[in-house]
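The next block holds one structure in the form of structure tokens; read it before the comments.
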Amino acid sequence: MATVELINVSKSFGSVEVLRDINLSLEKGKFVVFVGPSGCGKSTLLRMIAGLEDITSGELRIDGQPMNEVLPAKRGIAMVFQSYALYPHMTVFENMSFGLEQAKLSKPEIEARVQDAAKMLQIEGLLDRKPKQLSGGQRQRVAIGRAITRDPRVFLFDEPLSNLDAALRVDTRLEIAALSERLPDTTMIYVTHDQVEAMTLADRIVVLNGGIVEQVGSPMDLYESPASEFVAGFIGSPRMNFLKGGVAEAHGAATYGIRPEHIALSDERGDWSGRVVLTERLGSDTFVHVEVKGVGPVNVRVEGRADFASGETVYLSPDPASVHLFDPQGRPVVRSVTP
Amino acid sequence: MAGKTAQSRLSRNRTRSAWLFLAPMLVTLFVVAAWPLGRTVWFSFTDASLDLISQARWVGIRNYLEWVDWGDGTGQYYGLLADPRWWRSVWNTVRFAVVSVSFETLFGLVIALVLNQSFRGRGLVRAAVLIPWAIPTIVSAKMWAWMMHDQFGILNDMFMRLGLISEPVAWTASPDTAMIAILIVDIWKTTPFMALLILAGLQMVPQDIYEAAKLDGVPPTRVFRKITLPLIMPAVLVAVVFRALDALRVFDIVYVLTPNTDATRTMSVYARENLFDFDQFAYGSAASTLLFLVIALITISFILATRMDLEGNTT
């Protein structure tokens, strides 16, 4: 059964339409990630589910109940803000209990809920501190803890990792994944512009672009069968190579897409030949940027170490099964067989 | 070793240029603040008078307090500390400061909360609110003096027409209403200043915590009490100190609206009377010195009592 349903939902700010005809049905207990570039409307969509933005038209339902006119606090949701939004003058305990007091819970019940959440997030030792005495990662945990104490049906995350440094981001990502395992009945909706977060966390990814849903699917669906050139380019790192001109026309398409990891590189023979422009060594992988004659610049991923000098001639062979073809509108073209 | 010397020379140079940049300010402050203050304190211990200012002689604390023995076993205390008129003006000043600053804070808070909302024409209203503050005090005091005039004033006219009063009131002349008249003018004039400072504090409050409160289901009044008020308190307290410093020195409004009234004579007015009108320069200096001490004492007590954070560590 779907927890969250969006039916023909649109949003306009004045005359600017930021979301158009969104139809989504998010299953209970799933981890859903809204991903897309800045300005695609993903945060607005999340804020509409939270009740922080009005819905211009269409309907939002949670557990089958219409929610358009329901106050945020009555929707059974909790939200973790990008900036954490902790009350700066309250201690961690007060931050976590403030909403519960409002919900008229008994003192022992509040105490128990806060302690449980604090234990889950290992912040028991910080309950007497104020937010300014905490590190970014600790603040993040408090923000998550505050959301947990509300015992929500739907957990909303608005770019929760964007204010953390790279190492902490990875740790916190793992913790959020673990948290969703521990709360199997809670639907998680997570907004990010980072496709790595989307790929690693999501059961289902919703790719948004320019106010519309480009594609909905599991991470591997999106990776293997992107429904548009935009999705193909957005999901996967490094980015898919998009080649125009002769190569594409030979396949009856406007754009020929091939991921860097689906190209074999050889110094002896291959379908294409070209000169090495630049080599990026990451240790586990090497990205080789090749200028292919008659095709254009192509990025190739080689596992492990690969030593090529700039200007060296190399040969590339794209894997025919992994080629994606798109028409001039960026829609997929039914694949022809030969490379 | 060489590096260390070079570094310390660099920091010596920086220190020297810092002093160089500070020097004009320090000299100016000394000339316009420290020197006059020191002179005033010095005159308060002399018998200086306006025409014999250069021949002032040290007389100790006589201007502040002196026991005059009448030779028959009785005697009397003289001096500022024994002068009921002085204590009356201290009381007037403190009462004026407490009442005016309280109302200004209250009204300023309300206006700031309104101006913090977005509505059509907000920029215009924000500018318009400042007009009373922008008018020089003498001008606005004169303006109000006319409005409060017992025969020709618009206030009496309006109140009579509305039936609020049965006969014209001499707002500024009557001892019963003189203080109220002054308070009205001061509150009218300085509420915008208060509103502006509090508005600045309001705009420092991050918007996302209001959204968090919305999700927590906190009703507006509780949001105001539990979130807005604690967070703008540091700004409000600073504004209150600024205003209190001004209110405790109040002179111009009183001087223009209600000169020579016991009901409204403030410390500054008392000091000026003695310094220039009564030719008691030394005595006036003593009053000025005490005025300085009273203000310092009240301000410091307020800062300590509210545990005000002057270094901006409060979030």
Side-chain angles (χ1 to χ4, degrees), chain A residues 43 46-54 70-91 94-105 110 129-134 139 142-147 149-152 154-160 163, chain B residues 105 109 112-113 116-123 197-241 303-315:
Chain A
S43 281
L46 189 81
R47 290 166 58 81
M48 282 159 76
I49 296 172
L52 296 173
E53 298 284 354
D54 291 333
V70 177
L71 289 173
K74 306 279 183 207
R75 293 186 180 198
I77 49 144
M79 182 156 166
V80 177
F81 292 83
Q82 180 175 4
S83 53
Y84 319 135
L86 298 176
Y87 306 119
H89 57 299
M90 296 185 192
T91 64
E94 288 164 341
N95 262 286
M96 291 168 73
S97 62
F98 190 53
L100 302 179
E101 283 168 24
Q102 200 55 47
K104 301 269 185 291
L105 265 60
I110 292 174
R129 302 224 194 137
K130 295 235 175 120
K132 68 175 171 186
Q133 297 167 298
L134 304 177
R139 281 178 210 186
V142 174
I144 294 173
R146 179 170 70 181
T149 57
R150 292 179 54 80
D151 192 16
V154 185
F155 217 119
L156 309 174
F157 293 91
D158 188 8
E159 307 224 12
N163 287 342
Chain B
T105 309
L109 186 62
L113 286 169
N116 198 35
Q117 302 299 316
S118 49
F119 54 86
R120 195 186 281 269
R122 178 170 70 167
L197 285 187
I198 296 174
L199 182 62
L202 275 175
Q203 294 189 329
M204 297 288 287
V205 179
Q207 289 307 300
D208 54 5
I209 65 173
Y210 288 118
E211 297 193 330
K214 236 184 212 175
L215 292 181
D216 277 340
V218 188
T221 49
R222 197 165 136 91
V223 169
F224 178 73
R225 259 187 322 114
K226 292 285 194 171
I227 296 172
T228 308
L229 208 51
L231 287 175
I232 61 167
M233 215 21 127
V236 173
L237 290 180
V238 168
V240 165
V241 167
I303 289 172
L304 291 178
T306 54
R307 282 179 292 166
M308 193 186 292
D309 169 40
L310 295 172
E311 282 161 25
N313 292 325
T314 313
T315 42

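Remember, predicted model here, so these are calculated numbers, not experimental data. Values below: every heavy atom of this structure, side chains too, minus hydrogens, waters and symmetry copies. Here is how names work: the chains are called A, B, and so on, in the same order as the sequence lines, proteins then strands, and each is numbered from 1.
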Neighbourhood of chain A inside residues 209-219 of chain B, taking heavy atoms under 4.5 Å as contact: B/Ile209, B/Glu211, B/Ala212, B/Ala213, B/Lys214, B/Leu215, B/Asp216, B/Gly217, B/Val218, B/Pro219
Distance, nearest 0.5 Å, that separates NE2 of A/His89 from CD1 of B/Ile227: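 Answer for the NE2-CD1 pair, A/His89 versus B/Ile227, is 6.0 Å.
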Would you sort out whether A/Glu101 and B/Lys226 count as a salt bridge (charged side-chain N to carboxylate O under 4.0 Å, His left out), showing the intermediate values? CA-CA 12 Å; A/Glu101 283 168 24; B/Lys226 292 285 194 171; 5.7 Å; no
Examine whether an atom of A/Arg47 lies under 4.5 Å from a heavy atom of chain B, and if so say whether it belongs to the side chain, the backbone or both; otherwise answer neither. side chain
Contacting moiety of A/Leu100, where chain B heavy atoms sit under 4.5 Å: neither
In chain order, what residues pass the ring pair (Phe, Tyr, Trp, His ring centres under 6.0 Å) check against A/Tyr87, with sequence neighbours excluded? A/Phe98
